[in-house]
Amino acid sequence: MHIDCDAFYAAVELLDRPELEKVPFAVGGGVLTTCNYVARLHGCRSGMAGFVARRLCPELILLKPNFDKYRAKATEVREVLARYDPRFESASIDEAYLNLTPYCEEHGLDPGEAVARLRAEVREAAKVTVSAGIAANTRLAKICSNMNKPDGQFLLPSERSAIMAFMRDMPCRKVNGIGRVLERELAALGIKTCGDIYDHRQFLYRLVGEKAYEFLLRVHLGLGRTSVQPAEEYERKSVSSERTFRDISDPVQLRVKLRASADELGKDLQRAECKGRTLALKIKLHTFEVLTRQVIPPKAVCMPDDLYNYSLPILVKLEQEIPGIKLRLLGLRCSNLVSTKKPDTLAFFGLKPPRRADQHNSGNVQPLAGHNQAEDGQWEQWPDEMLDGYEMEPEDPDVSTSSNLHPHADARREATAAPAETKEATPEPEWWDCPVCSRPQAADERRFNEHIDLCLSRQTIRDAVQQHASLLSDGDAGVPESKKQKASAEKKRGRSASGPDPRQKKLCFGS
DNA sequence: GCGGATCAG
DNA sequence: ATGGCTGATCCGC
């Protein structure tokens with residue numbers, strides 16, 4: 001199920017100031033984020049520039065957003081959600097995915113009944129209305145939650161026929177990973193609805209590339225992710241900070257901006273407890289053209305001074321390359337992150353149960369190559385019988401456009417030119433137990449061996465530690481053990497409890 | 001890897 | 001006239 005608060009910011013403001021009910025108002029600073037019904041009557045839409053809204057409706061009242069307030073309200077809502085699925089996944093401050101199957105079984109309820117109950121509880125507890133979509137996977141549920149907005153719900157039966165019928169007339173743009181650009185490209189081929197995708201597949205492959213092609217076919221079939229997990233379990237991949245300002249050419253002022261950006265990013269990195277092995281400078285020219293340039297500092301960076309000093313040469317170079325450069329935005333980003341969190345001793349030594357999402361190791365250990373379980377979950381495996389007929393052969397005219405949804409292109413040896421090994425290994429046991437740590441590993445020979453190597457080196461470390469346990473005063477980063485323990489105990493207070501900062505997680509396509 | 005680009009919220 | 005900010009992913013080099 002996907003759940004979506006109705007006009008969240010506006011709804012929360014309305015609780016404090018009911019008198020706004022009658023007047024056109026919207027929430028947002030420079031940009032209008034959410035607005036009430038009256039404002040909409042004046043043509044103001046959410047996602048519209050503030051000044052445009054003002055034009056349309058001069059008496060529009062623009063409220064300054066109060067994110068602390070919205071976060072507090074979001075926790076109220078989430079407390080209810082947790083009763084239905086303790087492992088629900090926040091998709092943003094006002095959206096979440098839940099797996100309601102266990103709840104329905106335990107309470108002997110239909111999904112529809114359970115959701116009706118959930119929505120009533122949210123309204124009761126948090127005094128805001130929510131809309132919900134109930135479907136077989138997250139992609140469908142997301143679409144469904146918009147069907148009966150506001151304050152409604154929509155159930156899409158989990159049957160092939162119902163799903164295909166549902167997608168057939170669904171405008172492509174309603175699907176999560178299809179934005180304005182892709183919508184345009186598709187429209188150029190005559191593809192307006194998800195149902196149209198299949199008929200045009202022979203052109204699609206070359207138009208959008210392999211990934212997007214597979215994505216679109218999955219959309220057509222109504223396939224999507226079926227797993228749901230707390231957002232905290234996703235690993236962050238970058239941290240950035242950028243600011244827009246009045247056009248600046250003055251080199252001195254530009255350095256001031258860079259300094260500010262470095263300070264901001266430094267703070268954020270500290271909050272996120274990580275450093276970046278890669279540092280990127282992003283600028284937007286007064287023409288709105290965007291450029292990025294990156295460097296790999298000799299060591300992972302997180303201190304503002306380092307961020308500034310390593311990015312300054314990039315700026316200098318750009319200043320030389322672009323005479324009379326005039327900027328309207330400048331920012332810094334760190335990627336290739338390494339955690340500075342105190343290493344979890346148990347996990348590090350492999351003494352802890354599987355616990356997914358292998359935490360960032362402290363820099364010296366490479367994250368197991370790009371294909372982990374989380375990644376598998378996100379693309380949710382093609383049913384082989386479908387994958388065959390659907391993939392490749394974009395030009396093959398004999399792939400008839402009949403209504404046959406299972407065009408078994410018999411004996412296609414392999415899907416793509418890609419690694420191929422992983423895809424073909426499906427019938428085999430998916431996991432091999434590591435003889436060292438006995439944790440399950442992907443059944444891939446190369447990676448399995450790499451893992452064993454890893455474990456052996458851990459074993460070495462463990463032996464060394466045990467041997468010299470009393471002697472080792474723990475040299476890492478010069479942090480005394482006592483301090484590290486303490487930091488661990490406190491963790492990041494507030495983060496999990498009132499836990500705002502809902503990780504923005506892209507769920508499909510991108511994700 | 002790098003840099004541009006799209007997408008989401 | 002699209003809007004600022006953060007983050008993720010994909011594509012073509």
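As the structure is a prediction and not an experimental result, all values here were calculated from the model. Letters A, B, ... mirror the listed sequences (proteins, then strands); counts begin at 1.
When distances are taken from the side chain of A:Lys237 to each of C:dA8, B:dA8, C:dT6, the shortest belongs to C:dA8. In this structure, of C:dT6, C:dC11, B:dG9, it is C:dT6 that holds the atom nearest to the side chain of A:Ser241. Comparing B:dT6, C:dG7, C:dC5 by their closest approach to the side chain of A:Arg236 singles out C:dG7. Considering only the side chain of A:Val31, C:dG3 comes nearest among B:dA8, C:dG3, C:dG7. Relative to the side chain of A:Thr244, the nucleotides C:dG4, B:dG9, C:dG3 differ in distance, and C:dG4 lies closest. In the set C:dG3, B:dG9, C:dA8, B:dG9 carries the atom at the smallest distance from any side-chain atom of A:Asp94.
Counting only N and O atoms by type, the side chains of A:Asp94 and A:Ser92 include a donor and acceptor under 3.5 Å apart. Between the side chains of A:Asp6 and A:Ser131, at least one donor N or O sits under 3.5 Å from an acceptor N or O. In this structure, a donor-acceptor pair under 3.5 Å is present between the side chains of A:Glu13 and A:Tyr70. Residues A:Asn336 and A:Thr278 bring a donor and an acceptor atom of their side chains to less than 3.5 Å of each other.
For the pair A:Leu265 CG and C:dT6 P, the computed distance is 9 Å after rounding to whole Å. Between the CZ atom of A:Phe245 and the C1' atom of C:dC5 there is a distance of 14 Å, given to the nearest Å. The separation between A:Leu182 atom CG and C:dC10 atom C1' is 12 Å, rounded to whole Å. What separates NZ of A:Lys142 from C1' of B:dG9 is a distance of 8 Å, to the nearest Å. Taking atom CD on A:Glu242 and atom P on C:dA8, their separation rounds to 14 Å, with Å as the unit. Computed from coordinates, the A:Met48 CE to B:dG9 P distance equals 19 Å when rounded to whole Å. The CD-P distance, from A:Glu321 to B:dG3, rounds to 10 Å in whole Å. In this structure, the CZ atom of A:Arg333 is 13 Å from the C1' atom of C:dC5, given to the nearest Å.
Heavy-atom distances under 4.0 Å link DNA chain B to A:Leu291, A:Thr292, A:Arg293, A:Gln294, A:Ile296 of residues 288-316 of chain A, given in residue order.
At the heavy-atom level, A:Val52 lies nowhere under 4.0 Å from the strands shown. Among the protein residues, A:Arg45 comes within range of no part of the nucleic acid, since none of its heavy atoms lies under 4.0 Å from any strand.
At the phosphate of B:dG1, neither OP1 nor OP2 sits under 4.0 Å from any side-chain N or O atom of A:Thr278. Between A:Arg328 and the phosphate of C:dG4, there is a side-chain N or O to OP1/OP2 separation shorter than 4.0 Å.
Under the 6.0 Å distance and 45° angle rule, A:Arg201 counts as a cation-pi partner of A:Tyr198.
Ion pairing between a basic and an acidic side chain is recognised when a charged N comes within 4.0 Å of a carboxylate O; A:Glu242 and A:Arg333 show no such pairing.
To the nearest 0.5 angstrom, A:Ile296 atom CD1 is 9.0 Å from A:Ser335 atom OG.
For A:Arg45, the CZ atom sits in a loose shell: 12 or fewer heavy atoms of surrounding residues, nucleotides or ligands are nearer than 6.0 Å.
Mapping A:Ser238 and A:Leu329 onto DNA chain C by nearest heavy atom places A:Leu329 at the nucleotide closer to the 5' end. Judged by closest nucleotide on DNA chain C, A:Val239 is the one of A:Val208 and A:Val239 placed further toward the 5' end.
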